[in-house]
Asks: 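Sharing a structure, written as structure tokens. Questions coming.
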Amino acid sequence: MATSSELPDHLYEQMEAGQRLRNQGYRGRFAPSPTGPLHLGNLCTALVSWLQARLANGAWLLRVDDLDQPRNRVGAVESLQQDLHWLGLDWDGPVVFQSRRRGLYNSFLSALRRQGKLYACRCSRRMLADISAPAGRHLVYPGTCRDLELFWGWHEGRLPSWRLRVSKEFSHTSGDVILRRADGFIAYHLATVVDELTLGISEVVRGEDLLDAMNAQLALINAISERAVIYRHVPLLCDDQGRKLAKREGHAGLDSLRSEGLGPSHVVGWLAASQSLVPFGAELTVGELLSELKKKEGGLKSVLTP
């Protein structure tokens, strides 16, 4: 495991600032992408994450993951904030935009490269498509380019991706993680981990669809810090065919429910019932739901998985 003291002074200070915030108490976050309206699955995760933070008398941050700008939708940021407010989910402090933190991500990327922890990889998705994944559902990179010392610049019209040399304990669970994509974009895992550590996030509550991301992010945390972040996951909401709700499938958000005359208490009750927190048919505000959970032993333990 690396220590924060191996980082340049300005990055070390960022890490220490995050730790000071973490020492003050529980800090959680909700991190949607502005690629369209929030659907009920997103909102269910937001609700459980908010409840977990408030049960711990902690802070709950709103971070907008808007690095992949070609996918961002005009008006999506305002829409998601309005939806959270409508449900009664309040956040602490200003909204954090990843697009405004690119300099910080690039500084961490440069520091890791100077430490010899990165290498250039020219494997394409097509080249990797037939590789089996011993860890299960997701691809574990087999280290094809790890020892090739490939050129970092343009070659045959393409830039390489930049991968992290993970420690042995993560070699069979995450494999070497991409931190900068071949198109030059900062990769999701790097931005997410840097944010968790520098913003002082103590626990991440998110959907089970991101369970596979956990090992990659733990591998990166291991490479740059002795800090710990706890990851917990919420069961996904599915449609009638058993498919998880997704923006790209056009699954309903709050607009359609509001057009039917349904209010926040109805939606909060339905979302809570979907996680077996209250009986179906219950209607209550997030404040009333929080009060009910405070009376119950165990809080959200029955909902959250490591």
Side-chain angles (χ1 to χ4, degrees), residues 1-2 4 15 18-19 21-33 41-65 67 89 91-92 96 98 101 105 108 133 135-141 164 166-167 169-179 186-237 244 275 277 293 298-306:
M1 178 182 293
S4 300
M15 296 285 287
Q19 185 59 35
L21 289 169
R22 197 177 291 111
N23 290 342
Q24 294 173 14
Y26 185 100
R27 285 173 67 83
R29 55 78 165 169
F30 177 56
S33 299
N42 301 138
L43 293 168
C44 184
T45 298
L47 175 62
V48 175
S49 176
W50 181 89
L51 288 169
Q52 182 78 336
R54 298 313 186 213
L55 284 170
N57 295 315
W60 192 67
L61 279 64
L62 176 60
R63 188 187 80 212
V64 176
D65 289 4
L67 279 180
L89 302 179
W91 56 89
D92 299 290
V96 178
Q98 286 193 326
R101 294 166 61 83
Y105 307 142
F108 272 91
R137 294 173 293 169
H138 66 291
L139 173 68
V140 175
Y141 182 67
L164 172 71
V166 304
S167 60
E169 65 184 290
F170 294 101
S171 60
H172 298 296
T173 56
S174 72
D176 291 343
V177 183
I178 290 180
L179 301 188
I186 294 293
Y188 163 74
H189 294 309
L190 175 64
T192 295
V193 164
V194 168
D195 284 342
E196 317 301 17
L197 294 175
T198 59
L199 296 174
I201 303 303
S202 57
E203 181 177 82
V204 174
V205 175
R206 58 191 183 183
E208 281 185 339
D209 54 332
L210 289 170
L211 188 59
D212 288 341
M214 181 176 65
N215 286 322
Q217 290 164 9
L218 289 175
L220 179 53
I221 291 172
N222 179 270
I224 63 177
S225 171
E226 71 278 8
R227 313 303 185 199
V229 177
I230 297 171
Y231 290 96
R232 301 197 188 282
H233 298 86
V234 182
L236 300 178
L237 295 188
K244 74 171 184 176
Q275 301 299 317
L277 297 176
L293 288 175
L300 294 168
K301 287 183 180 179
S302 62
V303 175
L304 300 174
T305 57

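We use all heavy atoms of the structure for the numbers below, so side chains are in, but hydrogens, waters and symmetry mates are not. Residue numbers run from 1 in the order of the sequence given.
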Asks: So do the side chains of Arg101 and Val96 get within less than 4.5 Å of each other, counting heavy atoms only?
Replies: yes
Asks: Side chains of Thr45 and Glu208: closer than 4.5 Å at any heavy-atom pair?
Replies: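 No - every pair of side-chain heavy atoms lies 4.5 Å or more apart.
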Asks: Are the side chains of Leu47 and Leu43 in contact, using a 4.5 Å heavy-atom criterion?
Replies: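 The answer is no, as the side chains (C-beta and beyond) never meet within the 4.5 Å cut-off.
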Asks: Quick one: are Asn42 and Pro32 in side-chain contact, heavy atoms under 4.5 Å?
Replies: no
Asks: Who pairs with Arg22 by side chain to side chain donor-acceptor pair (under 3.5 Å), at least two apart in sequence or on another chain?
Replies: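 Result, side chain to side chain donor-acceptor pair (under 3.5 Å) vs Arg22: Gln19.
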Asks: Please report the shortest heavy-atom distance between Trp60 and Arg54, naming the atom on each side.
Replies: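 The pair with the smallest heavy-atom distance is N-NH1, 3.7 Å.
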Asks: Are the side chains of Val234 and Leu304 in touch, meaning some heavy atoms are under 4.5 Å apart?
Replies: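 Yes, side chains in contact.
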Asks: Taking Arg29's backbone N and O only, do any of them form a donor-acceptor pair with Ser49's side chain (distance below 3.5 Å, no angle check)?
Replies: yes
Asks: So do Asp195 and Ile201 actually touch side chain to side chain, heavy atoms under 4.5 Å?
Replies: no
Asks: CG of Asp209 to CG of Leu236: how many Å apart, nearest 0.5 Å?
Replies: 5.0 Å
Asks: Do Met15 and Phe108 make a side-chain contact, defined as non-hydrogen atoms from C-beta onward lying under 4.5 Å apart?
Replies: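 Contact flag for Met15/Phe108 side chains = yes.
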Asks: Measuring from Asn215:CG to Asn222:CG, what's the distance to the nearest 0.5 Å?
Replies: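 With rounding to 0.5 Å, CG (Asn215) is 11.5 Å from CG (Asn222).
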Asks: Going through the checks in order, is the side chain to side chain contact (heavy atoms under 4.5 Å, CB included) test met by Asp65 and Tyr188?
Replies: CA-CA 9 Å; Asp65 289 4; Tyr188 163 74; 4.2 Å; yes
Asks: Which residue in the set Ile230, Thr192, Val229 passes side-chain contact (heavy atoms from CB on, under 4.5 Å) when paired with Val204?
Replies: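 So the option named by the test is Val229.
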Asks: Hey, does the side chain of Thr198 reach the backbone of Gly18 with a donor-acceptor pair shorter than 3.5 angstrom?
Replies: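 A pair under 3.5 Å: no.
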Asks: Of all heavy-atom pairs between Leu190 and Tyr105, which one has the smallest distance, and what is that distance?
Replies: CD2-O, 3.8 Å
Asks: Let me confirm one number: the OH-CG distance from Tyr231 to Leu210, rounded to the nearest 0.5 Å.
Replies: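 Answer for the OH-CG pair, Tyr231 versus Leu210, is 10.5 Å.
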Asks: Grab the two heavy atoms, one from Ala59 and one from Ala53, that are nearest each other, plus how far apart they are.
Replies: O-CB, 3.7 Å
Asks: Would you give the length of the straight line joining atom OG of Ser302 to atom CG of Leu277, rounded to the nearest 0.5 angstrom?
Replies: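 Here the rounded value is 6.0 Å.
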Asks: Any chance you could measure Phe170, atom CZ, to Gln217, atom CD, to the nearest 0.5 Å?
Replies: 11.5 Å
Asks: Do you know which two heavy atoms are closest between Leu164 and Asp176, and how far apart they sit?
Replies: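 The pair with the smallest heavy-atom distance is O-CB, 3.0 Å.
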Asks: For Ile186 and Val194: C-alpha separation, side-chain torsions, deciding distance, then whether side chain to side chain contact (heavy atoms under 4.5 Å, CB included) applies.
Replies: CA-CA 11 Å; Ile186 294 293; Val194 168; over 6 Å; no
Asks: For a quick test of reading the model, state the closest non-hydrogen atom pair linking Ala213 to His189 and the distance between them.
Replies: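 Distance-wise, the nearest heavy atoms are CB-CE1, 3.7 Å.
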Asks: Under the 3.5 angstrom rule, does the side chain of Arg27 hit a backbone N or O of Leu199 as a donor-acceptor pair?
Replies: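 Between the backbone of Leu199 and the side chain of Arg27 there is a qualifying donor-acceptor contact (under 3.5 Å).
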Asks: Going from CH2 on Trp50 to CZ on Phe30, what distance comes out if it is rounded to the nearest 0.5 angstrom?
Replies: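 So the CH2 of Trp50 and the CZ of Phe30 are separated by 14.0 Å.
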Asks: Which atom pair, heavy atoms only, marks the closest approach of Ser174 to Val140?
Replies: C-CG1, 4.1 Å
Asks: Does a side-chain heavy-atom distance below 4.5 Å link Ile224 with Leu197?
Replies: yes
